[in-house]
2 protein chains.
Amino acid sequence: MSCSSSISMEIADKETSQDNVEQVELLSGVYDHYDGVIVEMKEAMDPKEFGSLLRASLSQWKQLGKRGIWIKLPIELANLIEVVVKEGFDFHHAECNYLMLVRWIAETTNSLPANASHRVGIGAFVMNSNRELLVVQELSGIFRGSGVWKLPTGVVNEGEDICEAAIRELKEETGVDAEFVEVLAFRQSHASYFTKSDLFFVCMLRPCSFDIQKQASEIEAAKWMPIEEYADQPFVKENSGFDYVAKICLARANDSYTGFSAKPAYSASGKRTYIYSKLEI
Amino acid sequence: MSCSSSISMEIADKETSQDNVEQVELLSGVYDHYDGVIVEMKEAMDPKEFGSLLRASLSQWKQLGKRGIWIKLPIELANLIEVVVKEGFDFHHAECNYLMLVRWIAETTNSLPANASHRVGIGAFVMNSNRELLVVQELSGIFRGSGVWKLPTGVVNEGEDICEAAIRELKEETGVDAEFVEVLAFRQSHASYFTKSDLFFVCMLRPCSFDIQKQASEIEAAKWMPIEEYADQPFVKENSGFDYVAKICLARANDSYTGFSAKPAYSASGKRTYIYSKLEI
């Protein structure tokens, strides 16, 4: 075996002689902190050979008391997926270039972590000193051609901070630079795309520039509009969610509302995070 | 062809005679509002036959000006994945029992929606009238065996409201019934599991019952603890994120802090949602 995805492991009682050592080829995996094994396949392998190795490995991992077995297959090794499924694995999640499969091999209750369940979006509330709001009309989506002026919106990328995403999306859609001020409100909805849920954060930003350069690919039109005119649009008044958010924006414009500021902090495992909360504690 | 995953479609200029009608077998798909096609495979098919159908269908969809082609394969049809990948599809997302693949066939910029990027969790801040907090020690995870008392926490399921998830998780872990009051703060962190990001909402709940019945599978111990004693734990004081959240909880206990309440509202497409914001607008 020259394949890098297998290792040779000696299974032997320490009392037995060298002659009794059983040489077994196993898949190479990394042990995690939850009695799990993560196997990341990188090189091509004959599916039958891979199946034999997988079965032997599963048997060994059971003996070792392992619980969750993860197998990550790059899209180039799609021919191995069927073999893994036949060994009782489920899909766990996928990104464009890989599929993660998992099987719980312990007798105890399955405590595998859930797949990502939410997409996250932002809406940018940006007002100038004339109480004008930066608004856009979009080229696609449900508002296309409706004449409705709306807040610039966008998707928060995996690994991106909400406060950074709001600044980035505003710049991309309108060319306007801004600083993050606070989250005014957020909305949770379900079945937004396929089965996934959605969290949408209305972010107040302070503009640092005012000239509009609209994004050709996504934005039909962009302009500064008096905030009362925005809130008075029939579409906004007729939709409870839009109307409520417009009222929050108006209250914020009148300095009678404060949202959640972003405070950098470190998690228990030492990662930098942001905590969003009221400032005055 | 008797397979339900194919349809017969007539491709013909309306001017041509019946004899010139070209009979082409195509995969059956649903057209979406974004010039996309969603094909949901349900029955087994020979991989070679499926490949031919897919190629003919792609050619037809291109002529029709379609852009994003989605193919959903249940795990039972894992043997068809390789065929789809060979036709230039990427993985988009997966759940335990299916894989969604996608290919952008238009000449324009790919505007396919992103996969879900975040997992969502809750922490429950539950205080009785003696200023005692409901706290737990967990059987697994990074706090196992540490002696640290923490807020009950849990994962928000796909399709589940944050305010409902907090009540459910509290009940499961401690047996205590409660009502949702407000979101005190939230934290965003990254690379929490594999590459996914994480949003964690600290929810204040008002207890309706007080007898503790701890969950055997996940909870080592649960009790009511004076809130100052919770905040004074060395681990809490030494970790900026925990210390900050404890200060928020203390401020809320002293009625000098308010978070975001949950207000039902309807989205533009008529879905029920919750908007979390300050009440006083």
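Lettering of chains follows the sequences in order, A, B, ..., and the numbering in each one begins at 1.
Contact count against chain B (heavy-atom pairs under 4.5 Å) is highest for A:Ser117 among A:Ser117, A:Gly270, A:Pro264, A:Ser217. Note: A:Ala94 leads A:Ala191, A:Ala94, A:Ala265, A:Ser111 in heavy-atom pairs under 4.5 Å with chain B. Ranking B:Gly241, B:Ala185, B:Cys96 against chain A, the residue ahead of the rest is B:Cys96, based on heavy-atom pairs under 4.5 Å. Heavy-atom pairs under 4.5 Å with chain A were tallied for B:Ala116, B:Ala114, B:Ala78; the largest tally goes to B:Ala116. Between chain A and the options B:Thr109, B:Leu99, B:Asn254, the largest number of non-hydrogen pairs under 4.5 Å is found for B:Leu99. For the set B:Glu160, B:Met100, B:Glu218, the count of heavy-atom pairs under 4.5 angstrom toward chain A peaks at B:Glu160. Across B:Thr108, B:Val245, B:Thr273, the residue that shares the most heavy-atom pairs under 4.5 angstrom with chain A is B:Thr273. Chosen from B:Arg252, B:Arg272, B:Lys263, B:Lys72, the residue pairing most often with chain A at heavy-atom distances under 4.5 Å is B:Lys263.
The two residues A:Lys271 and B:His190 come nearest to each other via the heavy atoms NZ-O, 3.2 Å. Residues B:Ser197 and A:Gly159 approach most closely at OG-N, 2.8 Å, considering heavy atoms.
With a 4.5 angstrom heavy-atom cutoff, A:Phe200 does not touch chain B via any of its atoms. Contact of A:Asn157 with chain B is made through the backbone alone, with heavy-atom distances under 4.5 Å. When heavy atoms are compared at a cutoff of 4.5 Å, A:Asn79 approaches chain B by way of both its backbone and its side chain. Residue A:Leu77: no heavy atom, backbone or side chain, is found under 4.5 Å from chain B. Of the atoms belonging to B:Val102, not a single heavy atom falls under 4.5 Å from chain A. Both the backbone and the side chain of B:Asp161 have a heavy atom closer than 4.5 Å to some heavy atom of chain A. If you measure heavy-atom distances from B:Asp32 to chain A, the contacts under 4.5 Å come from the side chain alone. Using a 4.5 Å cut-off between heavy atoms, A:Val84 does not touch chain B at all.
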Q. A:Asn115 and B:His93: side chain to side chain contact (heavy atoms under 4.5 Å, CB included), yes or no, with the steps?
A. CA-CA 10 Å; A:Asn115 189 3; B:His93 68 273; 6.0 Å; no
Q: Walk me through it: do B:Phe186 and A:Val183 pass the test side chain to side chain contact (heavy atoms under 4.5 Å, CB included)?
A: CA-CA 11 Å; B:Phe186 63 89; A:Val183 169; 4.2 Å; yes
**Q.** Derivation of the side chain to side chain contact (heavy atoms under 4.5 Å, CB included) call for A:Tyr257 and B:Lys278
**A.** CA-CA 8 Å; A:Tyr257 185 95; B:Lys278 276 179 70 177; 3.4 Å; yes
Q: Could you go through the side chain to side chain contact (heavy atoms under 4.5 Å, CB included) check for B:Phe201 and A:Leu199 one step at a time?
A: CA-CA 12 Å; B:Phe201 293 85; A:Leu199 274 162; 4.0 Å; yes
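Side-chain atoms of B:Lys196 and A:Glu158, non-hydrogen and from C-beta on, do get closer than 4.5 Å to each other. Side-chain contact between A:Ile75 and B:Phe91 is present, with heavy atoms from C-beta onward closer than 4.5 Å. Within the 4.5 Å cutoff, side-chain heavy atoms of B:Ser277 are placed close to those of A:Ile248. Here the side chains of A:Arg187 and B:Tyr276 are not in contact, with every heavy-atom distance at 4.5 Å or above. For the pair A:Ile275 and B:Val202, the minimum side-chain heavy-atom distance is 4.5 Å or more. A 4.5 Å side-chain heavy-atom check between A:Glu76 and B:Val85 finds every atom pair outside the cut-off. Within the 4.5 Å cutoff, no side-chain heavy atoms of A:Glu95 are placed close to those of B:Asp90.
Between the side chains of A:Ser189 and B:Tyr274, no donor N or O sits under 3.5 Å from an acceptor N or O.
Distance alone, capped at 3.5 Å, is enough to place a donor-acceptor pair between the A:Ser240 side chain and the B:Tyr266 backbone. One N or O on the side chain of A:Gln188 and one on the backbone of B:Ile162 form a donor-acceptor pair closer than 3.5 Å.
The local environment of OH in B:Tyr98 is crowded, with over 12 non-hydrogen atoms from other residues, nucleotides or ligands closer than 6.0 Å. The environment of NZ in B:Lys86 is sparse: at most 12 heavy-atom neighbours from other residues, nucleotides or ligands sit within 6.0 Å.
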